[in-house]
Amino acid sequence: MTAKGFSISELNPPQREAVEYGPGPLLVLAGAGSGKTRVITYRIAHLISHHNLAPAAIIAVTFTNKAAGEMRDRIKQILGNVIAKQIWIGTFHALCLRILKKEIPYEFTIYDEEESKRLLKECQRELNIDEKQLKVVQLGYRIEGSKHELIGPDEYEKTAVDFTSRQVAKVYHLYQKKLVRNKAYDFGDLIMSTVRLFQEQPELHKKYRDQFKYVLVDEYQDINHCQYFWIRQLAGEQGNLTVVGDDDQSIYQFRGADLRNILEFERDYPKAKVIKLEQNYRSTQNILAAAGAVVGNNSGRKAKTLWTENETGLPLQYFRGETEAEEAAFVVREILQDVYDKNIRRLTDCVILYRTNAQSRPFEDALRRERIPYRIVGGMKFYDRMEIKDILAYLKVIMNPADELSLDRIVNTPPRGIGAGTISKVRKIASEQGSTMLEAMAGMAQDGQGLTDRARQAVTAFSNLMQGLKSRVSQTDLARYLATVITETGYLAMWQKAPHDEGASRLENLNELIKAADEFSRTGDNTLGGFLEQIALVSSWDEADSKDNDQVTLMTFHSAKGLEFPLVFMVGMEEGLFPHSNALQDEHGLAEERRLCYVGITRARERLILTGTATRSSFGNRIYNSESRFLHEIPGRLFMGQIPLCHQTAQQTADARGLWRGKQYQVSADTLSNEHNEHFSEDVCPDLDDELGLVVGQRVSHAKYGSGTIVGKQGVGEDLKLEVAFTRHGRKQMLARFAALQPTSGKSRAKGV
DNA sequence: TCTTGCCTCGTTTTT
DNA sequence: CGAGGCAAGA
Ligand SMILES: Nc1ncnc2c1ncn2[C@@H]1O[C@H](COP(=O)(O)OP(=O)(O)OP(=O)(O)O)[C@@H](O)[C@H]1O
């Protein structure tokens with residue numbers, strides 16, 4: 001049975017049941033690689049081709065813009081472009097923005113993280129709150145978190161009892177006020193404001209609820225309360241809502257994701273049908289066994305089975321280098337072997353996954369040395385560069401003169417004689433007459449109100465410049481307009497005058513921006529507003545999209561969600577790094593790290609290699625890390641090569657500590673029986689690297705500070721320095737030989753948790 | 001008003 | 001180690 005290029009035989013029976021299931025709530029709960037995304041995609045196609053549903057009556061939410069693009073492409077293949085492009089597919093943010101742009105009658109700006117932080121700082125200063133006492137990151141974290149919970153400043157204030165919360169409440173109020181005045185939305189606002197819009201304008205709510213006959217959500221385990229609420233608004237309580245997800249893959253709780261949304265779906269939607277998918281099509285048996293073993297250490301999971309018809313496959317490998325350079329060299333060697341010696345893979349088949357963006361460096365160096373092309377997803381984004389943000393700030397002000405934050409950024413960039421004194425005069429006058437700063441400047445240029453001649457001249461020039469630029473928006477094509485802005489503002493000249501090496505690279509980036517504008521206008525939209533919106537929403541993923549080239553990919557575990565690669569390297573498998581020390585304070589943190597590990601492992605199709613280092617430089621000095629506990633949670637029999645210490649026999653341990661350390665230690669998978677593991681794991685491990693059992697993650701008690709958890713470790717022997725997070729007294733650094741820390745019961749690395 | 005140099009602090013993870 | 005913030009001098 002075929003329907004326009006889509007064959008039902010590409011689905012197994014439960015997948016097919018989910019695709020063909022009728023109206024009403026549907027939950028597809030399934031493990032990694034079981035075809036959840038495929039189900040969503042085909043269900044959309046099926047609804048259109050078999051139920052004659054209008055494409056615009058379907059809204060599908062994905063986790064990244066890239067995932068949205070892929071889903072749309074697949075549907076394009078099945079049903080053609082005309083239909084595919086009418087479907088509403090996108091991230092929460094993109095879809096909400098689309099609604100807001102349509103319903104809000106004025107131009108507004110979207111603030112990215114950096115801009116929100118700057119605005120917060122401004123609020124903090126105005127309120128005379130000590131920036132040391134309450135850090136901007138903390139502030140941002142709390143306010144952003146509140147938005148995830150759909151808590152506005154008023155509600156927040158009501159629950160704010162302690163001193164800090166009351167401070168936060170004050171900032172939250174002012175921050176929102178400034179956002180409104182600047183006609184700006186931050187990321188969280190995009191969704192929360194859409195929810196509010198629907199609440200305040202029932203007829204609007206009805207319009208969208210009626211338009212979308214079917215609502216589908218991918219990665220449902222990672223949505224927060226606000227997103228949950230919006231989906232409920234769209235779908236209604238009995239609605240045609242399809243959600244798919246895997247509770248073991250929830251890795252965004254730091255961003256407000258709430259597992260209860262998926263765990264309690266059946267309670268929220270009592271008529272819900274639940275379909276489980278149990279066959280994994282992605283990975284070998286060895287890889288699945290490893291993934292299952294790791295995540296099995298978490299409690300409170302929904303019961304799930306996952307099996308595969310795929311072959312046993314290669315054993316896993318583990319390598320521990322002495323330094324990052326050694327680790328990276330090993331990884332590159334393995335890539336070279338598979339790709340060039342054995343010719344069994346292409347570079348695009350290989351991915352290097354790490355916990356933090358900062359870890360990419362040594363791998364980049366090693367890859368460059370061997371002239372292997374690579375791409376990095378995440379980290380510093382192109383649009384985060386200073387020169388790009390400066391020009392974007394000009395563009396934002398041109399589109400939305402109320403955006404004072406952006407104005408602040410560029411009013412004196414390049415330096416044009418408008419300093420802090422002048423700016424505060426302008427601001428004062430603007431607020432007195434209730435106008436924008438730009439309008440106030442135009443007035444002051446005329447009558448000079450309290451400005452020195454020099455300042456007045458500068459203000460006049462700037463005011464004229466901005467008016468001139470504004471009047472020419474949309475007269476030429478976008479790329480040419482950008483070039484005009486860059487030149488006429490003096491920005492180009494500023495970098496041309498700069499020292500050659502720095503200036504050249506800035507100018508090159510500006511050229512890239514012009515190119516991006518050109519490409520954007522080719523997609524059919526030639527508006528400046530459209531261009532800015534698109535940039536506001538691009539994630540790290542969308543930039544790196546030069547998939548046609550054959551190159552190795554580097555990214556964080558988080559960015560890898562939903563993807564698959566034949567050969568996966570999980571690097572930096574060390575306590576303190578993965579699991580990350582900041583996540584070790586409570587069980588939830590550790591459980592989420594473990595899920596992240598599960599996500600990482602299950603990205604692999606054929607071959608999985610785990611690596612780590614014994615020492616690593618951090619903040620300029622070297623630290624000593626022990627092996628990640630996750631390594632020890634994988635059964636030893638699955639490994640080949642160097643074996644994680646806890647899985648080694650006494651002889652192997654001795655070898656690994658001496659001569660063999662850092663070299664690849666060849667042991668075939670079957671020389672290591674399970675017996676060995678079980679027998680030795682308990683007594684070999686504890687005395688290896690952990691003086692007195694003081695390991696990261698260990699709970700300890702201290703005579704003065706009471707109980708806490710070891711979160712960091714530096715040096716050895718006499719110099720062993722520990723960082724301990726105390727329950728009552730915060731973080732402290734101390735020398736182990738003086739601290740007299742007593743390990744208390746609770747978790748210890750060797751036994752797992 | 002602008003530039004320089006010193007100091008502090010920090011690294012999870014992202015739409 | 002490196003980025004960003006801040007204070008002092010030009
Ligand atoms: N019925 C099937 N027959 C063959 N291959 C399938 C089938 N269903 C899915 N696959 C393949 O299995 C792999 C995983 O599919 P998909 O990405 O949809 O899974 P997923 O459950 O969304 O994974 P994850 O939870 O890791 O995001 C893909 O390569 C897909 O093409």
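All values below were derived from every heavy atom in this structure, side-chain atoms included, with hydrogens, water molecules and symmetry-related copies excluded. Not measured: the values here are computed from a predicted model. Each chain gets a letter, A, B and so on, in the order the sequences are listed, and its residues count up from 1.
Distances from the side chain of A:Thr422 to the nucleotides B:dT1, C:dC6, B:dT14 place B:dT1 closest. Distance from the side chain of A:Glu113 is smallest to B:dT15 among B:dC2, B:dT13, B:dT15. Distances were taken from every side-chain heavy atom of A:Arg355 (C-beta onward) to each of B:dT13, B:dT11, B:dC2; the shortest belongs to B:dT13. Side-chain proximity of A:Phe619 to B:dT15, B:dC2, B:dG10: nearest is B:dG10. Set against B:dT12, B:dC2, B:dT15, the side chain of A:Arg255 has B:dT15 as its closest nucleotide. Comparing C:dG5, B:dT15, B:dT12 by their closest approach to the side chain of A:Glu593 singles out B:dT12.
Distance NZ (A:Lys389) to P (C:dG4): 11 Å, rounded to an integer number of Å. One can place CD1 of A:Ile535 at 16 Å from C1' of B:dT15, the figure rounded to the nearest angstrom. Nucleotide B:dT13 holds its C1' atom 14 Å from the CG atom of A:Leu584, rounded to whole Å. Straight-line distance from the CD atom of A:Gln227 to the C1' atom of B:dT14: 12 Å, rounded to whole Å. Atom CZ of A:Arg595 and atom P of B:dT13 are 18 Å apart (whole Å). What separates CG of A:Asp586 from C1' of B:dT12 is a distance of 14 Å, to the nearest Å. Rounded to whole Å, atom P of C:dG5 lies 13 Å from atom CD of A:Gln124. For A:Arg454 and B:dC2, the CZ to P distance is 8 Å, given to the nearest whole Å.
Residue A:Arg125 is in sugar-phosphate contact alone, with no base atom involved, counting any heavy-atom pair closer than 4.0 Å across all strands shown. At a threshold of 4.0 angstrom between heavy atoms, the contacts of A:Lys117 with the nucleic acid are absent. Across all strands shown, A:Lys147 has no heavy atoms under 4.0 Å from either base or sugar-phosphate atoms. Nucleic acid contact class of A:Ala420 (heavy atoms, under 4.0 Å, all strands): sugar-phosphate only. At a threshold of 4.0 angstrom between heavy atoms, the contacts of A:Phe557 with the nucleic acid are absent. Among the heavy atoms of the strands lying under 4.0 Å from A:Gly421 are primed sugar atoms or P, OP1, OP2 only; no base atom is included.
Of the side-chain N and O atoms in A:Ser559, one or more sit less than 4.0 angstrom from OP1 or OP2 of B:dT14. The phosphate of B:dT13 has OP1 or OP2 within less than 4.0 Å of a side-chain N or O from A:Asn357. Neither OP1 nor OP2 of B:dT15 sits under 4.0 Å from any side-chain N or O of A:Asn224. Applying the 4.0 Å criterion to OP1 and OP2 of B:dC2, one finds that A:Asn412 has a side-chain N or O inside that range. Distances shown here put every side-chain N or O of A:Lys561 at or beyond 4.0 Å from the OP1 or OP2 atom of B:dT13. The shortest distance between the side-chain N/O atoms of A:Thr64 and the OP1/OP2 oxygens of B:dT14 is not below 4.0 Å.
Distance noted for atom C1' between C:dG4 and B:dT13: 22 Å (whole Å).
In plain terms, the two heavy atoms of A:His558 and A:Ile251 that are nearest each other are NE2-O, 3.1 Å.
One finds a salt bridge joining A:Arg409 and A:Asp390 here, because a Lys/Arg side-chain nitrogen approaches an Asp/Glu carboxylate oxygen to under 4.0 Å. Electrostatic pairing of A:Asp112 and A:Lys389 counts as a salt bridge here, judged by a charged N lying under 4.0 Å from a carboxylate O. A salt bridge is defined here as a Lys NZ or Arg NE, NH1 or NH2 lying under 4.0 Å from an Asp or Glu carboxylate O, and A:Glu219 with A:Lys36 fails to meet this definition. One finds a salt bridge joining A:Asp222 and A:Lys561 here, because a Lys/Arg side-chain nitrogen approaches an Asp/Glu carboxylate oxygen to under 4.0 Å.
In this structure, A:Lys135 and A:Leu596 both approach DNA chain B, and ranking their closest nucleotides by distance from the 5' end singles out A:Lys135. Along DNA chain B, the nucleotide nearest to A:Ala583 and the one nearest to A:Gly417 differ in position, and the one closer to the 5' end is contacted by A:Gly417.
Pairs passing the side-chain hydrogen bond (donor to acceptor under 3.5 Å, both in side chains) check and including a residue from residues 413-424 of chain A, sequence neighbours excluded, read A:Tyr394-A:Arg416.
By the criterion of a centre-to-centre distance under 5.5 Å and near-parallel planes under 30°, the ring of A:Phe254 forms a stack with the base of B:dT13. In this pair, A:His580 lays its aromatic ring flat on the base of B:dT12, centres within 5.5 Å and planes under 30 degrees apart.
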side-chain contact (heavy atoms from CB on, under 4.5 Å) between A:Phe229 and A:Ile191, intermediate numbers included: CA-CA 10 Å; A:Phe229 196 91; A:Ile191 302 166; over 6 Å; no
